[in-house]
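Can you keep this structure in mind? I'll have questions shortly.
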Amino acid sequence: MSLKIYNSLTRQKEEFIPLNKGYAGMYVCGPTVSGESHLGHARPYITFDIVYRYLLHLGYKVRYVRNITDAGHFEEEGRAAEDKISNKAILEKLEPMELVQKYTNMFHWAMKQFNNIEPSIEPTATGHIVEQITMIEKIIADGYAYVNNGSVYFDVHKYNEDFSKKGMPYGILSGRNLEEQIETTRELDNQDEKRNKADFALWKNAPPEHIMRWKSPWGEGFPGWHIECSAMATKYLGAQFDIHGGGMDLQFPHHECEIAQSNVCNHIAPVRYWMHNNMITINGRKMGKSYNNVIKLSELFTGSHPMLEQAYHPMTIRFFILQSHYRSTLDFGNEALQASEKAFKRLWEAYENLLKIEVGNWQATDAELDEKINKQITEFTTFIEDDFSTAKVLANMFEIVPVINGIKNKQVALNTISSNTITLMQQQFKLYIENILGLQYEEENSEKLSGILQLLVDIRKQAKAQKDFVTSDTIRNELLRLGVQLKDEKDGTVTWSFV
RNA sequence: GGUCCUGUGGCCGAGUGGCUAGGCAGAGCUCUGCAAAAGCUUCCACACCAGUUCGAAUCUGGUCGGGACCUCCA
């Protein structure tokens, strides 16, 4: 078997063959830390976490680079405006790094909640101004950029002309034709510093009130939107690297510009496999600031948003995202999230029960079922290698869940399937659920709490024995109200889980 | 307007031309003091119209609907 990845550039699934045997380089566009992350942001980071985890599982030495965009326009309610007028005290001024720190911390916190593995390198744009300036100088030297009034712009037309001949026209990734674009945007002629509408900024001259500014050969200013990714990807992954990921909405112009910049500087197409995740929608519409339909992650985790019927655990979100394919849109809804919540709980409990089965050595009495389960488990790999079809992996797991629960409740005889199959199930469920899909479930379990619960369970048991159902039901119902669900097992024991 | 994607049962979603994905919700049954949990069974589907094909949710054309990008955007 081999890993197949859908390459946005070629628009087809391709076998993943790394540039350097045994090594994989992956760059994913990270967050702009000028605000809090929302549900939509969760998708790429969870999606590429799966990619990262799977590459690691395959034994690759992976360098996963995910940037933090901390340069640009920064403002926070109330403070940005103040900043321009009042320069009296340092503390009154908006300190950009303060915001950057705040939202970076929040981002990291959210990533941890989702159980995403930290990238190998998390470079910041402000930490790589020198590299960006060097890259811009190269582009100018090669004649693909021009300086105007302290700003530098990339000459898209010249690039397109020259690189079309090399089979890499501007628009190759997003499937756009530069000529057509000009047709459609002719009316809005360029009244600014750009020679052409399609040109994009590599460096921008900072107006006096702009807080973040750096010295450059062209005067004080700040880097353009696209150059940071090219500079940092080149620095840490090389002129050409394996995988570049990001949201579909970044395909144009961001990734298109990256390709152009890197092509000019490094004389090679920067990325071998472009991966783009689709959007999370809300009522069928992309979640985004401009649509005013954003649900922030902190709101999601606490349920503090008018559109939320309840709080949702980060793992519920992760599970929700994994239940769809990353290249499909995924529609948010309370009903859908509640479904994911229950489904995940069901899967996890079955998984725990599976691990508890003690394996000996026996043959299957139901060879057909045994074979079916073996096939379904083998397919975990088939599916994940087919462009990371996590939804199908989960579907197969759910097909097996009734068998596990059946064994646990003695509704299915243990030797229905062979001991070898059970061992395989235990190994593969653990591998996929925990390592590859990155799901986890931490129970609030202290000795003290278990002791108290066990006491209640015992009292209830006594009450039941005396047919004092008022007492026993009170214990059961009140515990449920507090979020503890008691389960009367077949063999008379009582277990509990937190809901 | 241009480019592209998409339309699956109450909801979310997989779907490689033939073999009912899966989850949640609903119904019935088993178990239970009653429940819950669990198991078993079950209802509900491929926007519409034509075409290709022995056979189409899956391919082609058209109609209608939804969306993304074209400006910062995950």
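Only heavy atoms go into these numbers, but all of them, side chains included; no hydrogens, no water, no symmetry mates. Chain letters run A, B, ... following the sequence lines, proteins first, then strands; residues in each count from 1.
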Separation of C4(B) P from His276(A) NE2 (nearest whole Å) |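 One finds 17 Å between P of C4(B) and NE2 of His276(A), rounded.
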When rounded to the nearest Å, what value does the distance between P atoms of A27(B) and C64(B) take?
->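 Comparing P positions in A27(B) and C64(B) gives a spacing of 41 Å.
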Give each protein N/O atom lying under 3.5 Å from an N/O atom of nucleotides 14-19 of chain B, with the pair distance.
{"from": "A14(B)", "atom 1": "OP1", "to": "His325(A)", "atom 2": "N", "distance (Å)": "2.9"}
{"from": "A14(B)", "atom 1": "OP1", "to": "Ser328(A)", "atom 2": "OG", "distance (Å)": "3.0"}

For Ala343(A), report the nucleic acid contact type (base, sugar-phosphate, nothing); a contact means any heavy atom under 4.0 Å.
->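 Since only primed, P, OP1 and OP2 atoms lie under 4.0 Å of Ala343(A), the category is sugar-phosphate.
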Might you list the N or O atoms of the protein lying below 3.5 Å from N or O atoms in nucleotides 28-31 of chain B, with each pair's distance?
none

Base A35(B) to side chain Asp488(A), donor-acceptor N/O within 3.5 Å cut-off |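 Looking at the base of A35(B), it does pair with a donor or acceptor on the side chain of Asp488(A) (distance under 3.5 Å).
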Could you please name the option among C11(B), G22(B), G33(B) that lies closest to any side-chain atom of Glu335(A)?
->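 Of the candidates, C11(B) comes closest.
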Tell me whether Phe469(A) is stacked on the nucleobase of G33(B), counting only the six-membered base ring and applying the 5.5 Å and 30° thresholds.
->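 Stack criterion met.
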Among G22(B), C70(B), A37(B), which nucleotide sits nearest the side chain of Ala395(A)?
->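 Selected nucleotide (nearest to the side chain): G22(B).
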Distance, P atom - from C40(B) to G22(B), rounded to whole angstrom |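 My reading of the P atoms in G22(B) and C40(B) gives 12 Å.
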Side-chain donor/acceptor contact of Arg476(A) with base of A36(B) under 3.5 Å |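 Absent.
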Of Gly247(A) and Leu486(A), the one whose closest RNA chain B nucleotide lies more 5' |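 Result of the comparison: Leu486(A).
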Looking across every strand, which nucleic acid part, if any, lies under 4.0 Å from Met287(A) by heavy atom: base, sugar-phosphate, or nothing?
->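 Result for Met287(A) = base.
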Hey, are Glu349(A) and Lys408(A) close enough for a salt bridge, meaning a charged N less than 4.0 Å from a carboxylate O?
->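 A salt bridge is absent here (no side-chain N lies under 4.0 Å from a carboxylate O).
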Rounded to the Å, how far apart are Ile295(A) CD1 and C73(B) C1'?
->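 Distance check: Ile295(A) CD1 to C73(B) C1' gives 17 Å.
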Backbone N/O of Asp370(A) and side chain of Asn374(A): donor-acceptor pair under 3.5 Å =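 Confirmed, Asn374(A) side chain pairs with Asp370(A) backbone.
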With sugar-phosphate meaning primed atoms plus P, OP1 and OP2, does Lys289(A) contact a base, only sugar-phosphate, or nothing at under 4.0 Å between heavy atoms?
->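 Lys289(A): no heavy atom of the nucleic acid under 4.0 Å.
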Under a 4.0 Å N-O cut-off, is there an ion pair linking Glu341(A) with Lys345(A)?
->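 No, Glu341(A) and Lys345(A) are not salt-bridged.
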Quick one: does Asn283(A) reach the base of G67(B) with a side-chain donor-acceptor pair under 3.5 Å?
->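 Not at all, since no donor on one side and acceptor on the other fall under 3.5 Å apart.
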Could you check which of C72(B), G13(B), C69(B) has an atom nearest any side-chain atom of Trp225(A)?
->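 The answer is C72(B), which lies nearest to the side chain.
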Sugar-phosphate, base or nothing in reach of Asn477(A), heavy atoms under 4.0 Å |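 Answer is nothing: Asn477(A) stays at 4.0 Å or more from every strand.
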When all nucleic acid strands are considered with a 4.0 Å heavy-atom cut-off, which category describes Gln251(A): base, sugar-phosphate, or nothing?
->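 Nothing: the residue Gln251(A), judged by heavy atoms under 4.0 Å, touches no strand.
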